[in-house]
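Read the numbers this way: they start at 1 and go in the same order the structure lists the ligands and their atoms. Worth saying up front: this structure is predicted, and the values here are computed from it rather than measured.
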Amino acid sequence: MTHTTTELRPYHLDHPGGTVRLVQITDCHLGHSPGSTLLGMDTDHSLQAVVDLIGREREQTDLILGTGDLSDHGANAAYVRLQTYFKQLSDTSFWLPGNHDSRAEMSAVIGSGSQLCNEIRVAGWEIVMLDSQVPREVGGELGAGQLELLEDCLRRAGEAGLHTLICLHHQPIAIGCDWLDKQMVADAEEFFAVIGRYNSVRGILWGHVHQQIDRQLKDIKLMSTPSTCVQFAPGQAQFKLDDLPPGYRWLDLHSDGTIETAVSRVHGVTFTVELDSGGYL
Ligand SMILES: [Fe+2]
């Protein structure tokens, strides 16, 4: 792994205090041009439907977390369009790469290294955006650099009395889909060992699995979120699509360290999807 810690520094986001209102948008898989499809679904159309839903449901969005596979093939044009979708909701978004993304193109488009894989300080919270991408591989791994970075963030969060939300692309726990569990964070044991040395972590949030998961590990919420396009069926040994519609997750980070959260999905819009598809790369 070649991840480094050199570009990370806390990004301080102005906020009046009190509850921080987030939305997580994940696995958009935008293609090179509008109208591109993934397994039959027009991913620009489905993302716009999710953005419209957020606009109706959330009065205020302080920041957007884009947790990887934001493009399908790492196209610069996909990230340019992604910005226009996100800006319909908030001027502030933070991104991290998934296995389908190009970190270089993301960085080129978002224009500021501070919005890609960083430590964000907002109100009484610290949000840590980690990079679990392994170039040219589907599965994830954090590696020594990202684990050191996490440890550094957690130590400083503890000193500052902040609550922590950790975000990454790949799942750090087995979810019960054999084909996806082969792709989980390879060094998850080391990841949880770092977390266990501190007491500030309130939530861990990821994408990749294209399905909702809400579990609890002691006092830490473990959360994954539907894709804004195609969904993977839970509990399957092999690749299988689900017929659930696209969605997103909102999270309210309260000043006492509690996280209020739910997933919401688009209804009343017809999406095309090849439900009998046997694969996805
Ligand atoms: Fe994905």
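- Note on His29: counted as a metal contact of the Fe ion (ligand 1), an N/O/S atom lying under 2.8 Å.
- When you scan the N, O or S atoms of Asp27 for the one nearest the Fe ion (ligand 1), you land on OD2.
- In terms of the side chain to side chain contact (heavy atoms under 4.5 Å, CB included) criterion, residue partners of Ala75 (sequence neighbours excluded) are, by chain and number, His32, Ala78.
- In the model, Thr61 has no side-chain atom that pairs as donor or acceptor with a side-chain atom of Ser90 under 3.5 Å.
- A side-chain hydrogen bond (donor to acceptor under 3.5 Å, both in side chains) with His169 holds for exactly one of Asp101, Asn99, Asp131; it is Asn99.
- Aromatic rings of His208 and His100 (six-membered ring for Trp) have centroids beyond the 6.0 Å cut-off, not under it.
- Because the distance cut-off is set at 2.8 Å, His210 qualifies as a neighbour of the Fe ion (ligand 1) through one of its N, O or S atoms.
- Within Asp69, the N/O/S atom positioned nearest the Fe ion (ligand 1) carries the name OD2.
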